[in-house]
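Working notes for the structure below.
Just so we're on the same page: letters track the sequence lines, and every chain starts at 1.
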Protein chains: 2
Amino acid sequence: MPLPETQIPGRLQAYFSERGIRITQQRRAVLRVIETATKHLDASQILRKVQRVDASVDRSTVYRTLQLLKRHGLIDELDLMHIRGEGHYYERKMNREHIHIACLRCGKITEFVTSTYDKLKQQVEKDCHFKILVSRLEVGGYCSACRQ
Amino acid sequence: MPLPETQIPGRLQAYFSERGIRITQQRRAVLRVIETATKHLDASQILRKVQRVDASVDRSTVYRTLQLLKRHGLIDELDLMHIRGEGHYYERKMNREHIHIACLRCGKITEFVTSTYDKLKQQVEKDCHFKILVSRLEVGGYCSACRQ
DNA sequence: TTTCTAGTTGCGACTCGGTCGCATCTGCTG
DNA sequence: CAGCAGATGCGACCGAGTCGCAACTAGAAA
Ligand SMILES: [Mn+2]
Ligand SMILES: [Mn+2]
Ligand SMILES: [Zn+2]
Ligand SMILES: [Zn+2]
């Protein structure tokens, strides 16, 4: 059950300055939170963490920064099978794409990397004559612990 | 580019009566709409179609019926890459699971069936010791037409 | 057929995630 | 250090989805 590798922090900010995207105090804080996250965070969790650094940061700034990151393909947006509420979760795009596995009973989220996923995407690109920019595979069910 | 096969109508209602789930006028209408749909519908589209049969049916009844169908694993809930708004789309669960491919430019949704997807799910079940109940693979990008 | 009741519905109010317009502020370039 | 394009905070707004409750009805039982 291979796990995805973590990544060098500061990369998002580097990407911004390279592209001439303005770096503000608020954005720096949001990028930091996303880069140092150890689990999937939703917008309100990101906001709370950001506000521990700068309490004046507004909800809409977080949403606007998330939009920006999405537009540049720097983060992925996840549903995680709506384990909790209707909102979205976010994570840095890793070198290697991975699958999200959500236990519908205990709520545990597992990440899984496999070359079969890469092959499948290649097959879609070839057979459907489609250029994939973003992909998302989420599965829900029961983990081994929750089936006794 | 194989396409998923359609299915016999009346099945959802049959499932309900077999299980002793009460069939009401409103539910009958919602099931009909879902069974005869030729594309992915969101809750408000389903409501509008249902109301053409019985104008008194309420929004919340549609949502409650969708919940019921989800709980019984009779429909799948899709994001379709949020092509339009933040809501969900619904479709009858087919014999064969399929992938959803969304063109981010023209909005076209393509369905794609491949055994690689089945293999991938089997691999997840085996390698992660996980019992899959529901899965969803959505990809976004550009279709051949939209790349000239 | 009529009666009875658990389950369902319509309604209105509500929550929650996300967006937007606008006045103010600030990163950045010169 | 001045100027301004672009970003922020704020508040109002929107749409999707949920919920409590009184009224209604499907369908089993008499
Ligand atoms: Mn969803
Ligand atoms: Mn979504
Ligand atoms: Zn579990
Ligand atoms: Zn297209």
Legend entry - Candidates D/dA7, C/dG7, C/dG18 - which lies nearest the side chain of A/Arg22: D/dA7

Inset, instruction - For D/dA16, take OP1 and OP2 only and decide whether either is under 4.0 Å from a side-chain N or O of B/His88. - result: no

Inset, instruction - Specify the residue among A/Gly87 and B/Leu68 whose closest nucleotide of DNA chain C lies further upstream toward the 5′ end. - result: B/Leu68

Legend entry - Interatomic distance where CZ belongs to A/Arg84 and C1' belongs to C/dC16 [whole Å]: 10 Å

Inset, instruction - Would you indicate which nucleotide in D/dT8, C/dT19, D/dG17 comes nearest to any side-chain atom of A/Gln26? - result: D/dT8

Legend entry - Nearest listed nucleotide, side chain of B/Thr24, among C/dT8, C/dC20, C/dG18: C/dT8

Legend entry - Closest listed nucleotide, where the reference is the side chain of A/Asp58 and the choices are C/dT26, D/dA26, D/dG9: D/dG9

Inset, instruction - Assess whether side-chain contact (heavy atoms from CB on, under 4.5 Å) is satisfied between B/Leu66 and B/Ile46, documenting all intermediate values. - result: CA-CA 10 Å; B/Leu66 289 172; B/Ile46 293 170; 4.0 Å; yes

Inset, instruction - Counting heavy atoms from C-beta on, name the nucleotide in C/dG10, C/dT8, C/dG18 closest to the side chain of B/Arg27. - result: C/dT8

Inset, instruction - For B/Arg59, report the nucleic acid contact type (base, sugar-phosphate, nothing); a contact means any heavy atom under 4.0 Å. - result: base

Inset, instruction - Determine, for A/Lys39 against A/Glu91, whether the closest basic-nitrogen to carboxylate-oxygen distance falls under 4.0 angstrom. - result: no

Inset, instruction - Would you classify B/Ser60 as touching base, sugar-phosphate or nothing, given that sugar-phosphate means primed atoms plus P, OP1 and OP2, and contacts are heavy atoms under 4.0 Å? - result: base

Legend entry - Interatomic distance where CG belongs to B/Leu47 and P belongs to D/dT18 [whole Å]: 15 Å

Inset, instruction - Take the protein atom CG of A/Asp54 and the nucleotide atom C1' of D/dT8, then report the distance between them rounded to whole Å. - result: 11 Å

Legend entry - Among C/dG18, C/dC28, D/dG17, the one nearest A/Ile23 by side-chain distance: C/dC28

Legend entry - Backbone N/O of A/Gly10 and side chain of A/Glu35: donor-acceptor pair under 3.5 Å: yes

Inset, instruction - Using a cut-off of strictly less than 4.0 Å, decide whether B/Tyr63 has a side-chain nitrogen or oxygen near OP1 or OP2 of D/dG17. - result: yes

Inset, instruction - Write down the distance between CZ (B/Arg28) and C1' (C/dT9), rounded to a whole number of angstrom. - result: 15 Å

Inset, instruction - Would you mind telling me which residue lines up with the more 5' stretch of DNA chain D, A/Thr65 or B/Arg64, judged by nearest nucleotide? - result: A/Thr65

Legend entry - Whole angstrom value for the distance that separates P of C/dT26 from CZ of A/Phe16: 19 Å

Legend entry - Electrostatic pair A/Asp76:A/Arg92 at N-O distance under 4.0 angstrom: no

Legend entry - Nucleotide D/dG17, atom C1' - distance to CG of B/Leu69 in whole Å: 16 Å

Inset, instruction - Taking only the side-chain nitrogens and oxygens of B/Gln25, find out if one of them lies under 4.0 Å from OP1 or OP2 of C/dT9. - result: no

Inset, instruction - Give the C-alpha distance, both sets of side-chain angles, the deciding distance and a yes or no for side-chain contact (heavy atoms from CB on, under 4.5 Å) between A/Arg136 and B/Asp79. - result: CA-CA 10 Å; A/Arg136 207 165 103 190; B/Asp79 272 23; 3.1 Å; yes

Legend entry - Separation of atom CD1 in A/Ile21 from atom C1' in D/dA5, rounded to whole Å: 15 Å

Legend entry - Nearest-Å distance for atom pair NE2/C1', residues A/His82 and D/dT18: 14 Å

Inset, instruction - Might you point out which heavy atoms bring A/Ala43 and A/Tyr90 nearest each other, and give the distance in Å? - result: N-CE1, 4.3 Å

Inset, instruction - Just compare C/dG10, D/dT8, C/dT9 and give me whichever is closest to any side-chain atom of A/Thr61. - result: D/dT8

